[in-house]
Structures are given as C-alpha cells and as structure tokens.
2 protein chains.
Amino acid sequence: MVTVYDVAQAVGLSIASVSRALNGQTGVSEATAARIVEVAAELGYQRNDVARSLVAKSTQTIALLLPDITNPFFPELVKGVQTVADEHGHVLLLVDGAGDRARVAASMAVLRRKQVDGVIVVASALDGDADALFVGVPTVFLDRTTNGPGASVSVDHEAGGYAATRHLIELGHRRIAHIAGPRDLEVSQRRLDGWRRACEEAGLPTHDALVASGDFLEEGGHRAGIELLDSGEEFSAVFAANDLSAIGFLALCAQRGIRVPDDLSLIGFDGIQLSRYTTPTLTTVAQPILELGARACDTLLHLIRGEESQSRIVLANELTAGASVRAIGGTR
Amino acid sequence: MVTVYDVAQAVGLSIASVSRALNGQTGVSEATAARIVEVAAELGYQRNDVARSLVAKSTQTIALLLPDITNPFFPELVKGVQTVADEHGHVLLLVDGAGDRARVAASMAVLRRKQVDGVIVVASALDGDADALFVGVPTVFLDRTTNGPGASVSVDHEAGGYAATRHLIELGHRRIAHIAGPRDLEVSQRRLDGWRRACEEAGLPTHDALVASGDFLEEGGHRAGIELLDSGEEFSAVFAANDLSAIGFLALCAQRGIRVPDDLSLIGFDGIQLSRYTTPTLTTVAQPILELGARACDTLLHLIRGEESQSRIVLANELTAGASVRAIGGTR
DNA sequence: CATCAACACGTAAGCGCTTACGTAACAGAA
DNA sequence: TTCTGTTACGTAAGCGCTTACGTGTTGATG
C-alpha cells in the first residue's frame, strides 16, 4: 500500500507537505502542490480513510436501521437516504432486521464501535425506554413524533387517517371499519385517531367492533378482515392503516367473493409501489417516502455538523386515487 | 471518550494488559482479566473500531453495489447478504445507484479509501473492461458468469429460459414470443439462448420478429409489447425475460383488452414478490434471491479470509406456477 | 541450591494520517 | 542595516489500538 510517506519520499518532501497538498490546504506553494499531486497519482496513492478518521474523529458514515428491507415501504426510503448521503460524501451502513429493542441495542453497540457519525432509525418497534441507546450519537427518528432525544421526521399520520376517512364519507359511506396497525405503535394510534375524528365529526359510529388490529403486514390485514367480516357488524368501507394490510384484506375479499369496490370500498395508507399493481389498484394515502428519507438524512447531517435545524419535521400526505373506492347512495 | 488508557489507569495496569483482557487473549491471569472487564464496563468503555481497524488492516465491512434498490428484485437480495454478513460480525455498506460504469468507478474509489474488506457487485451495467476497478479488493459478482477476476454467483439463466419456454411448449404453444432484456447484458443473452434452444428443439420459430428488447423495467416491457403486438406476428404465448417486463406487458394487455391467460399466456423470470400480486398472478422462473445473496456473501467472506472456495456458483431456478399461462389446443 | 521454563505483565513501536508548532528564507518597511 | 511579517516547509506529537519483545517472578526440576 502506498502511503503519504512513500509519496513524500518520492517527491523529496515531508509527509506534512504531502498531506497539505493532497487536501488542497494552504501551506504549500502551488508548484510543489501540483508536483505532489502528480507523483501521488503516478504512484497510485489512495488515501486511507480509516487512518484519517482516527484523527479526524469522523467517519463520514451514517447508518440506517430498519426492521425489514423486504417490506415494500423501505426500499424507497433507503433510496432517499442514500441519495442525500451520497451527495454529501457520506456512506450508508444498512442495518436490516432491527425489528425489536434487543436487535437495535445490539446494532447500536456495533455502530458506536464503528464510530458512525449518526444514525437514522425507523422506530417501528422501539419501546419507550430505548432512548438510552442513542445518547451521544446524532439520531433521527422516522415515524416517531413523541418527545425524546434527537430529531424526527414523519408525515402527519392523524391527518392522513382523517383524510382517508373523509374521502370515504364524502363518497357517501356511513359505516366505515378500520384495520389498525399494531396497537403499541404510535403511527397506528395516530391513524386510528384520524379515522375516529372524521367519523365522530360526521356523526358516524366508531365502536370497537368496527376496529380490528393487524400487524402492518398482509397476514394481519387478512386476519383482521376475517374478524371484521365475521363480527356481524355492517360497513360499506374499510380504511386500512397501511397498504400491506389493505392488500391482505383484498386477498380475503377475493377469496370470499366480495367485490372491491362494488361491494366494499377500501382505502390504504403509505402509497407503496405495490399498491399500483393490485386489482383493483389501491386508493391510498401516499406518504412522500423518498422525501421522507431525504429529509431524514438532511436533518441528520445538520445534527452531525452541530448546526441548528428544525427537529420535528412533519411532511404532508397526499391522497392517491386508485380503483378501490366508489360512491354509494346511502347506508348499506 | 473512554479509552484503553483510561481503563488501564483505573485498574492500575498497562494498556497492553487491558487490550489482552478485553480481547480474551492469553497473557493475563484470569483474575485480573475479570477485574479489567469489570472496570471497563463500569467506565462505559466502548472499543474504537477505527483505531483497531487501522492496526488490524481489516474493517469487518463489506459493500454491496447495486443499480437501484427500488427495483423489487434487490431488497430480498440485500436481506440475504445482510443476514450472512451480520452472522459473521460484518457490517454492510449499501451503495445504491451503481448504475453505470462511471458510478461504479466512483464508488469503488470511495470504498477503497474506506478500506472495505470486500465488495459484492450486481453486474447489471458493467462493461467488459471494468475489471480493473476491482483489483486488490475481494469481489463477488452476481449475475456474471463470464471469466474475470473474483468469484461469481448466479442462477443458470439459460436453463431458466429453457424451462420457461419448455413449460409453454408442453402446454401446446407453438409460437412463443420473447421480451428480452437489455442486449448488452449477459443475463438477457442467456435467457434468450434458453428460449431459442427450447424453440429450436421443438421445431418452433425463433425469427427476429418474435423477439423485442426491453430494459428489464416495466416501461420496457410495455414498449416491447407494443412492438410485438403491432408487428403482425402471431403468437399465443410470451416469455418475458424478467418479471417487471412481464408486468409492463400485462398492463399493456389490460389496456388493449387482451385477456391473460385466455388470449395469451405469459411467463416471467425472477420470482419477485410483486409477481404474486398482479392479476393474474404471474407464472415465473423464480430465482432463489435470498439464497443468491447469502451465497454471495458467504463466498465473499471466504475470499476475504483467503480460503479456498468454489468461485463460480450456479444455483437452480424453480418454475413457480401463477395464473398467467394456460394450455391451448393447437397453434393459434 | 542452581537452572530454566512458564507465566504475568510492562515498554514501546507502529498502523497512516492530520496538524500545532518551529524554523529558515525572503521581502518590504523603518 | 535591522526589524517584522509572510510564506514554505519540516518536526514531531498524537488519534486509540494491537502486539513483538523484554523483564521480573514463580514453581518445577535436576
């Protein structure tokens, strides 16, 4: 391996000058700087960033922790993060499988040792007292609006739930069921809140039998759907707390011969790409996933630099029309 | 930051003993080792891996380069890689957007500086003379079976193309069109070869008008579909070189009122999750994507350790039944 | 009792780099 | 001339760690 020392020797100068020249710093004449750069190139010198990081106390590395990269929500998020990181000369460590607190704790230990400059964590499964895991490390939380250390970026889940439900109400639906996400997740709660607010405002029922909890995955949506359909409860529309749940429910409808949207309207949440490929395509509250990732990364970089920056960023959702909802005359 | 020096001081020993104790090495008595570990924990000592990497000349970091994480083929691949990396105490650097040679070159420069222990590259868009980018870095190529440095892991694309086409032939199809991938990609070529071999064996036509090239994305499948349908050429089945192309073609069929599989049978390649959500669900040649990633990582770790290992791994595909094909009586 | 291996531990070098500080040369001002 | 400021460069420390080698102590062996 060619080191600064080799270059210095080859060009007949000290390693200090070589370092300065190679980093475009002042303190070397232009002429010698040019010569140094040239010789370095000739020798095929490649800077060793681990040595540099040791003295600089910065690795130009950030980590993204998420529970499951195969969940179609995340790839786009990753892209948003990666793009911004890349633009700023940072590199992205991906930690998949950060599903529960224990896994996150283990990962954070590794990342601390690796001296990452900061982390972005998708807070899906983080209990309240997880804050300790992140002290001393610049951190941005996604989908976590509660107080706590670090910054957070998310959409307004309550508003999204409200918008989805309003949409159904405006189409004439009077009994709207809800397939919720995991009960302990803040985002589930907020989306549920939005549904409830819209219903109550319109004088529609919101009793427990109209709500079934899923797990934000297809299977949970399927199960919750069974619960709802078999409850004897009447409803003409379903608002699912995320697209995957909606898709699981859609499969159930297909199995039972329930036509969507003819017999039942369905609306999802997230706006994952997959929602455009189902039959019918899914009407959904789309999150600006790419932007979410980008903003998260941006915010993190600010945190790292110690700059001021807004610490609670809330982006807007957008209702995306699919073919899974339809207007109805009156209550069914 | 607490360093070995701090621990040494607190326990009244030298940093050498501390280092030995903390790494479970010989050279310290069990009693003192225990004391050191205890004190280190008390002080909240966290090893600094960048310092360690500097002397060890190993970062326990591998990189995965791929063109586009939002392509549904890749998340599962990432998971396969990540899982194995994690099991072996390595950490994963994800480089997205490694779409063309220039980007890969730039990324490799960064990764070299960062002293990654090895890289896995999805060779989608790598021209022949890209080999130089990887010299000196343990490298595993995915989907690249040509000779070259490093190891490679892939499925047998030719066999997959053959199997897909055979399947259609056995269902009675006599004129089978092919939507190919980008012409300069080896995998496209091999899948095309498989199609051709199966057709020729069965005495079926393989002239140029039966083949249209896409880009492995939906749009390309759509475009290629138009080309085929408007060519006046007759065919009762289409073998698309990957699922996304097939899905693009499927959308085209929907637009034109062509019923799949009633009017036309369609078979894809890859077995991405998305293929299970289309209408109809896609019959496809499934690659063991997760395993592909896992084996790639495994192989890379072997390379890094300098151990012997098979350098050209070829996994088997499996034809996965969907609802996009049907038998027909005779030639249409 | 002398010898020596085995063990526990310390000293110090060095991984490749950045950077504070020192020094010599030179130019301009008094 | 002398003083001062500026520029170009070198010296050396130090980032936090591992590890080759040296030293002193112990217990076993003859």
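In what follows, chains are A, B, ... by sequence order, proteins preceding strands, each numbered from 1.
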Just by modelled atom types, is the V137(B) backbone N or O under 3.5 Å from a matching donor or acceptor in the T139(B) side chain?
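Judged by distance alone, yes, a pair lies under 3.5 Å.
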
Answer with base, sugar-phosphate or nothing: what part of the nucleic acid does [X] contact at a heavy-atom distance below 4.0 Å?
{"X": "R20(A)", "value": "base"}
{"X": "D49(B)", "value": "nothing"}
{"X": "S19(A)", "value": "base"}
{"X": "L13(A)", "value": "sugar-phosphate"}
{"X": "T32(B)", "value": "sugar-phosphate"}

salt_bridge(D49(A), R112(B)) N-O dist < 4.0 Å
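No, D49(A) and R112(B) are not salt-bridged.
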
Q. Would one find more than 12 heavy atoms of other residues, nucleotides or ligands at under 6.0 Å from atom CD of E307(A)?
A.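 Result for CD/E307(A): enclosed.
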
If you assign G12(A) and M1(B) each to the DNA chain D nucleotide with the nearest heavy atom, which residue ends up on the more 5' nucleotide?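 Upstream on the strand: G12(A).
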
Give the C-alpha distance, both sets of side-chain angles, the deciding distance and a yes or no for salt bridge (Lys or Arg N to Asp or Glu O under 4.0 Å) between K79(B) and D68(A). CA-CA 8 Å; K79(B) 192 168 205 77; D68(A) 181 14; 2.8 Å; yes

* Asked: Is any side-chain N or O of S17(B) closer than 4.0 Å to OP1 or OP2 of dG10(C)?
  ->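 For dG10(C), OP1/OP2 do have a side-chain N/O of S17(B) under 4.0 Å.
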
Margin query: Please confirm whether the ring centroid of F73(B) lies under 6.0 Å from the ring centroid of F216(B).
Written below: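 Judged by ring-centre distance (under 6.0 Å), F73(B) and F216(B) do not meet the cut-off.
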
Starting from the 5' end of DNA chain C, give me the residue, V28(B) or Y45(A), whose nearest nucleotide shows up first.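 Whichever sits nearer the 5' end wins; that is V28(B).
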
Taking 5' to 3' order, which nucleotide of DNA chain D is first and which is last to have an atom within less than 4.0 Å of a heavy atom in chain B?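 Nucleotide range with atoms under 4.0 Å of chain B: dG16(D) to dA20(D).
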
_Heavy-atom closest pair, residues L142(A) and I120(A)_ =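 Closest heavy-atom pair between L142(A) and I120(A): CD1-CG2, 3.7 Å.
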
